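Everything numeric here is computed off the predicted structure, so don't read it as measured data. FYI, side chains are in, hydrogens and waters are out, and symmetry mates aren't considered; it's all heavy atoms of this structure.
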Number of protein chains: 2
Amino acid sequence: MRKRNPQPTLSEVARLAGVGVGTASRVVNGGVNVSAGTMRKVKSAIQELGYMPNHAARVLKGGRTKTVGLLVPSIADHFFASCAEAADKVARAHDSLLIVAVTRNQCGDEMSSLEVLMRHRPDGLLLVPSDPENRELARFVRNSGIPVVTFDRPLFGSGCSSVLSDNFEAARKATLHLIEHGYKRILCLVSEPELYTIRERVRGYRQAMEEAGLQPLVDTGAEDMALASRSLAIHLKSRRPPDAVFTLKNSSTSAVVQILRQLRIPIPSRLALLGFDDFELAATLHPSISVVQQPIEDLGRTAAELLFAELEGHPSKRMKREPIVLANRLVLRRSCGCKEVPARKDL
Amino acid sequence: MRKRNPQPTLSEVARLAGVGVGTASRVVNGGVNVSAGTMRKVKSAIQELGYMPNHAARVLKGGRTKTVGLLVPSIADHFFASCAEAADKVARAHDSLLIVAVTRNQCGDEMSSLEVLMRHRPDGLLLVPSDPENRELARFVRNSGIPVVTFDRPLFGSGCSSVLSDNFEAARKATLHLIEHGYKRILCLVSEPELYTIRERVRGYRQAMEEAGLQPLVDTGAEDMALASRSLAIHLKSRRPPDAVFTLKNSSTSAVVQILRQLRIPIPSRLALLGFDDFELAATLHPSISVVQQPIEDLGRTAAELLFAELEGHPSKRMKREPIVLANRLVLRRSCGCKEVPARKDL
DNA sequence: ACAGATTTTGGAAACGTTTCCAAATTGGCG
DNA sequence: CGCCAATTTGGAAACGTTTCCAAAATCTGT
């Protein structure tokens with residue numbers, strides 16, 4: 001059986017329904033100014049033929065593509081995957097498709113991925129810029145002619161809206177919390193220090209230490225397990241070893257847990273630990289790990305909603321360009337020396 | 001400055017170069033039968049105008065869309081996210097875009113998501129069928145007229161290729177391993193028993209138990225933490241409590257770890273544990289958790305490669321329709337009573 | 001029942017490519 | 001130089017929509 005697939009076209013639908021092609025088109029697009037009878041005829045013709053609009057033709061004609069693009073560093077990463085899922089849900093609610101492309105935080109890939117995305121002429125764009133200072137990207141956004149919203153990281157000079165989380169303030173509060181516990185030599189363990197979010201967190205850490213009159217202690221040599229392990233060992237053997245560690249990333253946190261277990265260093269009695277970004281087993285580990293919990297889904301959802309608002313409602317009435325900043329939560333567990341406390345809402 | 005974005009068209013290029021539009025087109029597409037001089041003129045015109053072909057117009061004319069669709073139950077789930085990333089990499093290597101839609105293992109969503117995908121006329125399709133017996137989906141695939149590859153789960157009666165992992169055999173081997181340790185009352189803790197992969201795993205478990213002349217003990221009441229907790233408590237209090245647990249899903253495994261920790265039941269001395277599907281902290285937990293490790297990226301990558309092979313190379317020379325079955329690895333850690341075997345790469 | 005206002009309808013034009021085919025140009029060779 | 005073959009070129013048609021505009025049909029109020 002050779003059921004080739006010469007997709008039925010709108011004129012075939014029109015012919016079968018006994019109406020003009022323009023009329024058929026109107027029925028397909030919501031049917032304004034179409035009489036009930038005609039509507040019915042056309043709809044049943046569509047049903048019978050299994051007609052589906054040809055997307056390419058629509059795009060060519062210049063209409064909406066019902067497509068929004070999402071550009072993220074990675075899609076296997078839980079953080080971005082959750083954002084993507086949340087954004088996808090919003091897109092689907094607006095009868096649109098979210099198309100995703102991944103950069104790997106490399107600006108080169110960024111532009112080329114963007115190009116592949118743009119081929120599909122998305123109605124709008126959701127971005128996580130690798131580098132907030134990327135002028136090429138900012139220029140691209142300005143000239144793109146479509147609404148763009150960035151999230152997790154801003155894009156300076158692009159004039160587009162952003163949805164961020166307060167990395168600075170959350171890191172500051174977290175550090176202050178450690179300080180309140182009496183820890184004085186707090187090591188800040190960093191990987192990927194070039195990323196905006198990480199830089200903000202480091203800034204928050206430094207600010208807190210400075211406020212307390214303590215000496216900041218930042219180590220950027222935590223790119224992977226091996227390096228982190230080496231760094232940690234050196235610090236622990238130094239003349240004035242740290243009494244607490246503040247890790248700025250999910251994977252660093254679990255790496256440190258693993259390393260400390262190997263070294264048989266008890267948490268928090270010998271070394272306290274607080275991590276940025278929650279992870280599934282943080283509550284299950286022994287001891288449970290205190291973390292800053294990010295509003296992950298909120299970021300994706302809010303960004304998408306903002307995009308569709310600009311897209312549908314108010315193309316001219318541009319809302320204020322101030323970034324929307326979402327709060328993080330400090331979830332206190334055992335690893336910072338706290339008694340297991342119910343998660344606090346106050347940042 | 002209203003820098004609208006009237007993308008330059010091919011005729012503008014042609015005009016600037018002083019040639020016909022057909023000639024310009026030939027230059028853009030590899031330039032066969034074009035004299036060297038003309039070539040040069042057109043290319044510099046392209047350069048000057050920053051011309052980029054309009055993808056929609058090309059597609060409309062009947063070419064490839066350079067797009068493949070991926071339909072998965074979820075994209076926030078680490079398993080599918082990794083598959084997606086691997087498939088995306090392959091797609092990008094073929095200068096194509098992977099477009100993703102999510103079902104939530106619900107057949108209704110499945111067809112509607114598929115419809116949204118099909119709007120974009122993908123050149124091929126990558127599917128994770130919610131239900132291998134879904135006749136509607138199978139019919140759709142047969143009539144779609146484009147190559148389709150399923151992975152993780154088959155789709156019976158669809159005639160398309162599949163890439164699977166050997167859930168049955170892996171579960172059997174895993175159960176056998178527990179049996180070799182001397183465990184006799186092995187509880188198989190199940191959630192989402194309607195899923196194909198889960199059913200296969202249960203089947204493998206039963207087979208192993210039967211081979212050993214032991215009584216299978218399957219509990220499907222593990223849908224969430226609360227239920228799992230209740231189930232587990234009941235079994236532990238029964239007259240002949242289990243001495244080992246085999247969990248069939250990632251989240252069940254960590255749920256059980258958490259529950260046993262709360263109940264202060266030592267692993268593996270009082271209750272051994274072996275899980276299906278590895279997770280990041282499985283090696284870090286105390287004790288470390290033995291698991292079946294799935295070839296996650298392989299699944300996505302292989303499926304995508306298969307799809308592009310059908311797409312590009314051999315549209316008629318259909319390869320054998322036998323599913324490709326990838327092997328799982330049994331990663332032995334402490335929770336099943338094993339000594340920590342070289343904590344790294346033991347098959 | 002009729003003029004005018006309103007709603008509904010049909011069909012042509014346009015979107016930017018590619019793909020033809022015929023026309024124009026070039027080259028070879030007697 | 002002249003003629004045929006081979007190469008190169010220009011431009012029309014087609015892809016399937018949407019969006020016009022004018023024509024047709026229907027509705028209003030008197």
When you measure from the side chain of [X] to the backbone of [Y], do you find a donor-acceptor pair of N or O atoms at a distance under 3.5 Å?
X        : Y        : result
B:Thr38  : B:Val34  : no
A:Ser113 : A:Val102 : yes
A:Thr65  : A:Arg121 : yes
A:Thr302 : A:Asp298 : yes
B:Arg26  : B:Val21  : no
A:Ser158 : A:Leu155 : yes
B:Glu85  : A:Ile75  : yes
A:Arg153 : A:Pro129 : yes
A:Ser162 : A:Leu164 : no

Are any protein N/O atoms closer than 3.5 Å to N/O atoms in nucleotides 6-11 of chain C? If there are, list each pair with its distance.
residue, atom, partner, partner atom, Å
C:dT8, OP2, A:Asn33, OD1, 3.3
C:dT9, OP1, A:Ser35, OG, 3.0
C:dT9, OP1, A:Thr38, OG1, 2.3
C:dT9, OP2, A:Ser35, N, 3.2
C:dG10, OP2, A:Gly20, N, 2.8
C:dG10, OP2, A:Thr23, OG1, 3.0
C:dG10, N7, A:Arg26, NH2, 3.2

What does the list of N/O pairs under 3.5 Å between the protein and nucleotides 24-26 of chain D look like, with a distance for each?
none

- Dot-bracket for DNA chain C, 5' to 3', with Watson-Crick and G-U pairs under 3.5 Å, [ ] for crossing pairs and | for other-strand pairs: what is it? ||||||||||||||||||||||||||||||
- Query: Does the distance from a Lys or Arg side-chain N to an Asp or Glu carboxylate O, for A:Asp88 and A:Arg301, drop under 4.0 Å?
  - Reply: no
- Query: If you check every side-chain atom of B:Leu60, which of D:dG16, D:dT18, C:dT18 has the closest atom?
  - Reply: D:dG16
Tell me: [atom1] of [X] to [atom2] of [N], nearest whole Å?
X        : N      : atom1 : atom2 : answer
B:Arg58  : C:dT19 : CZ    : C1'   : 14 Å
A:Asn29  : D:dT18 : CG    : C1'   : 8 Å
A:Arg119 : C:dG16 : CZ    : C1'   : 16 Å
B:Arg121 : C:dT17 : CZ    : P     : 20 Å
B:Leu10  : D:dC15 : CG    : P     : 20 Å
B:Lys61  : C:dT18 : NZ    : P     : 9 Å

- Task: Write out all pairs satisfying salt bridge (charged side-chain N to carboxylate O under 4.0 Å, His left out) with one or both partners inside residues 56-76 of chain A, taking only residues at least two apart or from two chains.
- Result: A:Arg64-A:Asp123
- Task: Mark yes when over 12 heavy atoms from residues, nucleotides or ligands other than B:Lys41 sit less than 6.0 Å from its NZ; otherwise mark no.
- Result: yes
- Proximity to DNA chain C (any heavy atom under 4.0 Å), residues of residues 44-57 of chain A only: none
- Message: With side-chain hydrogen bond (donor to acceptor under 3.5 Å, both in side chains) as the rule and sequence neighbours excluded, what pairs involving residues 44-55 of chain A come up?
- Response: none
